[in-house]
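Values below: every heavy atom of this structure, side chains too, minus hydrogens, waters and symmetry copies. In what follows, every chain begins at residue 1, and chains take the letters A, B, ... in the order their sequences are listed.
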There are 2 protein chains.
Amino acid sequence: MTKDFECMQESYAKEVLREKGLKSTTQRLAVVHILHMSEKLLSIGEIHGGVKDMLGNTGLATIYRTLEMFEDLGIVKRLHFPDGGHGYAFSQGEHVHHMVCVDCRGVFDFSECPAENFDYASVEKQGFRVKDHFIQLFGQCGKCVEAA
Amino acid sequence: MTKDFECMQESYAKEVLREKGLKSTTQRLAVVHILHMSEKLLSIGEIHGGVKDMLGNTGLATIYRTLEMFEDLGIVKRLHFPDGGHGYAFSQGEHVHHMVCVDCRGVFDFSECPAENFDYASVEKQGFRVKDHFIQLFGQCGKCVEAA
DNA sequence: TATTAAATGAGAATAATTTTCAATTAATCC
DNA sequence: GGATTAATTGAAAATTATTCTCATTTAATA
């Protein structure tokens with residue numbers, strides 16, 4: 001039975017976890033919730049803070065473990081900032097890319113893949129086999145453009 | 001006067017440094033040398049080790065400072081591994097992208113931009129202004145394909 | 001060669017991440 | 001619903017990564 005207020009992301013995560021024989025713990029679902037609620041990239045510390053607000057004390061190690069696992073499962077994506085830092089965003093499995101606002105760290109995702117029509121044959125000449133790609137756009141979001 | 005054995009990368013780096021009023025120190029040039037010689041992504045530790053082999057003792061902080069600066073100058077690029085780690089590759093200023101072999105961590109660069117013909121207008125609907133992009137390909141290099 | 005601002009080294013300080021292990025909990029089976 | 005069990009967690013220590021400080025050194029310039 002599904003709780004009324006359970007969001008799609010939450011049930012999606014549960015499903016993925018169940019398929020892999022992993023447990024849907026309160027902590028893991030809280031991480032999904034926090035990420036899904038956020039309009040910007042969150043650092044480990046911010047996620048930890050958010051989870052603690054929801055559940056009371058929660059070990060930081062759990063957050064690390066959860067995020068690593070979620071990344072492997074394709075539930076979250078780790079994105080990067082120009083300054084070398086990084087943050088996490090919810091990412092629902094399918095092929096999705098992200099734009100990051102360098103001013104407010106807002107994340108915006110889009111499904112059109114910039115490299116969709118690229119002919120990898122041209123870069124595969126020396127025998128390299130492309131298996132995956134990572135694409136992230138940088139720029140300013142609408143609000144920050146106006147504010148500037 | 002240019003030393004006979006000075007490589008292009010080294011003189012390129014010197015030029016960029018001079019333009020910005022920064023010093024071409026032995027340590028900085030050693031970092032360029034190490035990176036340029038390497039066929040794979042190097043970690044901070046590996047770069048530090050390489051520089052120490054060339055120059056004798058060298059502070060780790062200098063390596064950090066140098067790499068951060070080089071990244072800002074567009075001389076090196078910080079790339080990422082699926083496992084969350086990262087490494088540095090020489091990157092000569094112009095628009096270049098990298099492929100990383102997930103087996104041997106080899107780096108291969110190419111100049112055709114996969115996103116070259118992408119129409120950013122489609123993702124800029126909500127007012128986001130794309131300023132830059134980060135693209136990195138993952139796969140297996142020829143050697144590792146054969147070895148597998 | 002003397003001058004000077006920039007850069008370095010050493011190590012302390014801080015931050016980030018991983019590990020360990022006993023206690024807890026979600027899923028499963030009756 | 002309660003017992004069972006393997007997975008998961010929390011807490012703290014251990015490890016690793018990064019930054020900072022400041023006295024000393026060095027590259028560029030005149």
Which heavy-atom pair separates A:R78 from B:G84 by the least distance, and what is that distance?
NH1-O, 3.3 Å

Measure all distances between protein nitrogen or oxygen atoms and nitrogen or oxygen atoms of nucleotides 26-30 of chain C, and list the pairs falling under 3.5 Å.
residue	atom	partner	partner atom	Å
C:dA26	OP1	A:T26	OG1	3.3
C:dA26	N3	A:K23	NZ	3.1
C:dA27	OP1	A:S24	N	3.2

Measure the distance from CD1 on A:I63 to C1' on C:dT18 and round it to the nearest whole Å.
15 Å

Looking at B:F81, does the NZ or CZ of B:R105 lie under 6.0 angstrom from its six-membered ring centre and within 45 degrees of the ring axis?
yes

For the residue pair A:F90 and A:Y12, does the interplanar ring angle fall in the parallel (under 30°), tilted (30 to 60°) or perpendicular (over 60°) class?
perpendicular

A:L67 atom CG is separated from D:dT9 atom C1', nearest whole Å, by 15 Å

Looking only at non-hydrogen atoms, find the nearest pair between A:K77 and A:V96 and report the distance.
NZ-O, 2.6 Å

Value for OG1 (A:T58) from CD1 (A:I47), rounded to nearest 0.5 Å, stands at 12.5 Å

With a 3.5 Å cut-off and no angle check, do the side chains of A:Y120 and A:H133 form a donor-acceptor pair?
yes

A:H80 vs A:H86 aromatic rings, parallel, tilted or perpendicular, using cut-offs 30° and 60°?
perpendicular

Rounded off to whole Å, could you give me the CD-to-P distance for the B:E68 and D:dT19 pair?
7 Å

In this structure, how many angstroms lie between the C1' atom of D:dT26 and the CG atom of B:L17, rounded?
15 Å

Quick one: are the ring centres of A:F138 and B:F134 less than 6.0 Å apart?
no

What's the CZ-C1' distance between A:F70 and D:dT8, to the nearest Å?
13 Å

Along nucleotides 11-17 of chain D, 5' to 3', which nucleotides get a B, which get an S, and which get a -, given that the test is a protein heavy-atom distance under 4.0 Å?
S-----S

Does A:E15 have more than 12 heavy atoms from other residues, nucleotides or ligands lying within 6.0 Å of its CD?
yes

Output the rounded distance in Å from CG (B:L55) to P (C:dA7).
17 Å

Round to the nearest Å and state the distance from B:L29 atom CG to D:dA28 atom C1'.
14 Å

Using atom NZ of B:K20 as one end and atom P of C:dA6 as the other, report the distance to the nearest whole Å.
15 Å

